[in-house]
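In what follows, chains are A, B, ... by sequence order, proteins preceding strands, each numbered from 1.
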2 protein chains.
Amino acid sequence: MTTEKRNTWQKDAVRTELGNAKGFVSAQELHLNLKNAGSTIGLATVYRALADLASQNEADSLQSKDGELLYRACGTEHHHHLICRKCGKTVEIEAEKVEAWADEVAKEHGFTKPSHTIDIFGDCGNCS
Amino acid sequence: MTTEKRNTWQKDAVRTELGNAKGFVSAQELHLNLKNAGSTIGLATVYRALADLASQNEADSLQSKDGELLYRACGTEHHHHLICRKCGKTVEIEAEKVEAWADEVAKEHGFTKPSHTIDIFGDCGNCS
DNA sequence: AAGCGTATTGACAATCATTATCAATAACGC
DNA sequence: GCGTTATTGATAATGATTGTCAATACGCTT
């Protein structure tokens, strides 16, 4: 019996709220937002809904510097980060060439469904 | 008065163990390794030593998917990995162009002492 | 070599995000 | 509407990391 899937107002609420959020949001923040808007949704449910969205590629996730998991509605854009070691300042960078390179390298070695992790660290101007 | 710094066998032990580790290691792993090697070093001390090394640019840190903080010795020559999601098979890859690109991007944004993390994931031939 | 001031240690408590538990609820097919 | 069962939500549990603080030991001076 393949897992049956049901639609609930909770999942819709999370999806909608995630869409309304500008950038990345943590599960805790999202839960707070919903609560403040009058929702009675539970924290655990928010976590589960976000995990679901992520596994269905409706959301992207990344980790903030202090270990929180952040989500954003799955925009098309995929970018990487330049991060300051000292103050944590983060700059979003484009990496089209590198994306292509990564996919090519994977293919050369017979790997399929390539994905990658690329982050650059350094000391930013203020911290040097 | 500027904070005085002292050398202890604990810091050396952490530095050495980090150097011996192949790739990235978590603080917990490192502590376990040291314990298994007969050291009586405390867990909190390992965390502090790693944080120190990171702040002195003797180590880089990044976050694993499951939220752990991972460290690796920096300054030594490094390569990158192509990793199979399923079986964990790892292929070492060259990335000179990308290395150069990373340094250039960092410089463009006023970042100094650039370092980076680049890993490619995929399903290898046997696992596809 | 001995003494001193204080940075550092380490055992343990505290914190905080996330996950597991499980009885109660509600979605979907009939 | 009815029954099955995925889903919810309050709460406990987990696990990595940080804070606490008395005891220790590093580096300097004598």
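Annotation: the span from B:I41 atom CD1 to B:N33 atom CG amounts to 11.5 Å, rounded to 0.5 Å. Note that OG of A:S39 is 11.5 Å distant from CG of A:L32, once rounded to the nearest 0.5 Å.
At least one side-chain heavy atom of A:W101 sits under 4.5 Å from a side-chain heavy atom of B:I120.
The shortest distance between the side-chain N/O atoms of B:T8 and the OP1/OP2 oxygens of D:dA25 is not below 4.0 Å. Taking 4.0 angstrom as the limit, B:Q10 places a side-chain polar atom (N or O) nearer than this to OP1 or OP2 of C:dG10.
One atom, CG of A:L69, and another, C1' of D:dG15, lie 15 Å apart when rounded to the nearest Å. To the nearest angstrom, C1' of C:dA27 lies 5 Å from CZ of A:R6. Atoms NZ (A:K11) and C1' (D:dT7) sit 7 Å apart, rounded to a whole Å. Nucleotide C:dT8 holds its C1' atom 15 Å from the CG atom of B:L53, rounded to whole Å. Rounded to an integer number of Å, the gap from CD of B:E29 to P of D:dA16 is 10 Å. Put simply, CG on B:D12 is 11 Å from P on C:dT9, counting in whole angstrom units. Summarising the geometry, the separation between CG on A:D52 and P on D:dT7 is reported as 7 Å, rounded to the nearest angstrom. Rounded to an integer number of Å, the gap from B:I41 CD1 to C:dG10 P is 6 Å.
Within residues 43-51 of chain B, the residues approaching DNA chain C are B:A44, B:T45, B:R48, by heavy-atom distance under 4.0 Å.
Residue pairs satisfying the salt bridge (charged side-chain N to carboxylate O under 4.0 Å, His left out) criterion with at least one member in residues 6-17 of chain B, sequence neighbours excluded, are listed as follows: B:E4-B:R6, B:D12-B:R15, B:R15-B:E58.
Across all strands, A:Q28 comes closer than 4.0 Å to base atoms (heavy-atom distances). B:T40 comes within 4.0 angstrom of the backbone, heavy atoms only, and of no base.
Comparing B:W9 and B:Y71, the nucleotide of DNA chain D nearest to each residue sits closer to the 5' end for B:Y71. When each of B:A27 and B:N7 is assigned the nucleotide of DNA chain D with its nearest heavy atom, B:A27 is the one assigned upstream, toward the 5' end.
Heavy atoms only, all atoms of each residue included: B:H109 and A:L82 are closest at CB-CD2, 3.5 Å. A:Y47 and A:Q28 get closest at one heavy-atom pair: OH-NE2, 2.9 Å.
By the side-chain hydrogen bond (donor to acceptor under 3.5 Å, both in side chains) test, B:T112 pairs with A:S128, sequence neighbours left out.
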